[in-house]
Amino acid sequence: MADDSTSRFQAGQTGLIVRVPEAESAVRAWRERFDPSARAGVPAHVTVLFPFLAESRMDSHVCPALADALGKHCAFDLRFERCGRFPGVLYLVPEPDTQLRRLTEVIADRWPEAPPYGGKFTEIVPHLTLADGQDDAVLDEVEADLLGELPFTSRVSSVDLMAYDGAQWRERASFALRE
């Protein structure tokens, strides 16, 4: 059984993410403390689609279809210069977020059985989670610390398919965007 920090994940779940390695040095310590996905092995990222298809549904057609759908989109740059909040959540805001939203829409349109956020929210809000399930005092502390690390930019040139094995998230495939 997973510990409390990873119990929100189920073995066999998958997700599509855009890695943001430029954020790691600034956010790693905070994410490891306050973001269960970091403790479960997910690098600093912006989610494209989670949950995606159950790993048991990953047949020989899914990865080629993802490569085709994602390969039609050009690589792009993101800038992170401010934080945003959901209730109990602090995140970095990627700007512009139009291409991220479009990637999510393309995948969700192709696999309507995998709506963004499991269908819990209607609006797609791309974000890099820093702390989840925390009170405002913790979020204020994290945000104040990170302001000195901003802004930074990141080049998005691929989307990674991650799978949860019951203990850790692991990259299953990576799909290049056009350069």
Side-chain angles (χ1 to χ4, degrees), residues 5-6 8-9 13-52 63 66-67 69-86 88-108 116-117 121 123-134 138-164 168-179:
S5 67
T6 58
R8 68 176 60 188
F9 309 123
Q13 282 185 310
T14 67
L16 295 161
I17 67 168
V18 166
R19 290 176 190 255
V20 184
E22 297 83 355
E24 284 292 347
S25 64
V27 305
R28 178 179 288 131
W30 290 118
R31 289 187 68 244
E32 286 176 357
R33 282 180 64 193
F34 300 122
D35 181 1
S37 72
R39 292 189 296 272
V42 182
H45 70 283
V46 176
T47 300
V48 173
L49 187 65
F50 177 81
F52 186 50
C63 284
L66 281 167
L70 295 166
K72 293 176 181 173
H73 295 268
C74 292
F76 55 94
D77 292 322
L78 293 174
R79 184 170 174 83
F80 296 85
E81 55 186 45
R82 64 187 176 91
C83 292
R85 291 191 187 193
F86 302 126
V89 177
L90 179 70
Y91 61 89
L92 290 176
V93 177
E95 296 175 310
D97 68 5
T98 308
Q99 291 104 324
L100 291 166
R101 288 173 190 263
R102 186 68 193 127
L103 291 175
T104 300
E105 291 165 352
V106 164
I107 301 303
Y117 316 114
F121 307 102
E123 185 180 1
I124 298 167
V125 181
H127 59 281
L128 191 160
T129 300
L130 303 168
D132 188 0
Q134 303 302 311
V138 171
L139 302 182
D140 291 345
E141 177 187 358
V142 176
E143 184 172 6
D145 180 71
L146 286 173
L147 290 178
E149 304 289 333
L150 303 176
F152 64 87
T153 60
S154 181
R155 180 82 175 155
V156 175
S157 58
S158 64
V159 174
D160 295 341
L161 173 64
M162 304 290 287
Y164 188 63
Q168 289 287 299
W169 284 94
R170 304 196 190 283
E171 182 182 313
R172 184 150 190 258
S174 187
F175 306 97
L177 303 179
R178 276 191 332 204
E179 281 296 331

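These numbers come from the heavy atoms of this one structure, side chains and all, not from hydrogens, waters or symmetry mates.
- At distances below 3.5 Å, at least one donor-acceptor pair connects side-chain atoms of Arg39 with backbone N or O atoms of Arg33.
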For Glu179 and Ser157, run side-chain contact (heavy atoms from CB on, under 4.5 Å): C-alpha distance rounded to whole Å, both residues' side-chain angles, the deciding distance at 0.1 Å, then the answer.
CA-CA 7 Å; Glu179 281 296 331; Ser157 58; 3.3 Å; yes
Please report the C-alpha distance between Val48 and Ile17 in whole Å, then the side-chain angles of each, then the deciding distance to 0.1 Å, and finally whether the side-chain contact (heavy atoms from CB on, under 4.5 Å) criterion is met.
CA-CA 5 Å; Val48 173; Ile17 67 168; 5.8 Å; no
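- By the 4.0 Å N-to-carboxylate-O rule, Glu22 lies too far from Arg155 to be salt-bridged with it.
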Item to check | Worked check of side-chain contact (heavy atoms from CB on, under 4.5 Å) between Arg19 and Asp160 | outcome: CA-CA 8 Å; Arg19 290 176 190 255; Asp160 295 341; 2.4 Å; yes
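- We find the OG-CG distance between Ser174 and Leu16 to be 10.5 Å, quoted to the nearest 0.5 Å.
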May I have the step-by-step check of side-chain contact (heavy atoms from CB on, under 4.5 Å) for Thr47 and Phe52, ending in yes or no? CA-CA 11 Å; Thr47 300; Phe52 186 50; over 6 Å; no
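- A donor-acceptor pair under 3.5 Å is absent between the side-chain atoms of Ser158 and the main chain of Phe175, judged by distance alone.
- The line from OG of Ser37 to OH of Tyr164 is 11.0 Å long, rounded to the nearest 0.5 Å.
- For the pair Leu128 and Tyr91, the minimum side-chain heavy-atom distance is 4.5 Å or more.
- The aromatic rings of Phe34 and Trp30 lie parallel to each other, with less than 30° between the two planes, well short of the 60° mark.
- Classified by interplanar angle (parallel below 30°, tilted 30° to 60°, perpendicular above 60°), the ring pair His127/Tyr117 is parallel.
- Annotation: side chain of Glu95 is in contact with side chain of Glu81 (closest heavy-atom distance under 4.5 Å).
- No salt bridge links Asp97 with Arg79; every basic N to acidic carboxylate O contact stays at or beyond 4.0 Å.
- In this structure the side chain of Phe152 reaches within 4.5 angstrom of the side chain of Val20, judged on heavy atoms.
- Here the side chains of His45 and Pro21 are not in contact, with every heavy-atom distance at 4.5 Å or above.
- Side-chain contact between Thr98 and Phe76 is absent, with no heavy-atom pair separated by less than 4.5 Å.
- Among all heavy-atom pairs drawn from Gly88 and Leu139, the shortest one is C-CD1, 3.8 Å.
- Ring-plane geometry between Phe50 and Phe9 is classed as perpendicular, the angle between the planes exceeding 60 degrees on a 0 to 90 degree scale with a lower cut at 30.
- Residues satisfying the ring-ring contact (aromatic ring centres under 6.0 Å, His included) test with His73, not counting sequence neighbours, are none.
- Rounding to the nearest 0.5 angstrom, the gap separating the CD atom in Gln99 from the CG atom in Asp77 is 9.0 Å.
- Between the CG atom in Leu100 and the CD atom in Glu105 there is a gap of 11.0 Å [rounded to 0.5 Å].
- The minimum heavy-atom distance between Val106 and Ala69, with the atom names listed, is CG1-CB, 4.0 Å.
- The two residues Gly133 and Val89 come nearest to each other via the heavy atoms N-CG2, 4.5 Å.
- To the nearest 0.5 angstrom, Leu78 atom CG is 11.0 Å from Leu92 atom CG.
- Between Pro151 and Phe80, every side-chain heavy-atom pair lies at or beyond the 4.5 Å cut-off.
- Under the 4.0 Å criterion applied to side-chain N and carboxylate O atoms, Arg85 and Asp140 are assigned as salt-bridge partners.
- Contact between Leu177 and Ala75 at its shortest, heavy atoms only, is CB-N, 3.8 Å.
- Counting all heavy atoms, side chain and backbone alike, Arg31 lies closest to Thr129 at NE-O, 3.4 Å.
- The closest donor-acceptor contact from the side chain of Glu143 to the backbone of Cys83 lies at 3.5 Å or more, if one exists at all.
- Rounding to the nearest 0.5 angstrom, the gap separating the CZ atom in Arg172 from the CG atom in Leu66 is 10.0 Å.
- Between Leu70 and Ile107 the shortest heavy-atom distance is CD2-CD1, 4.0 Å.
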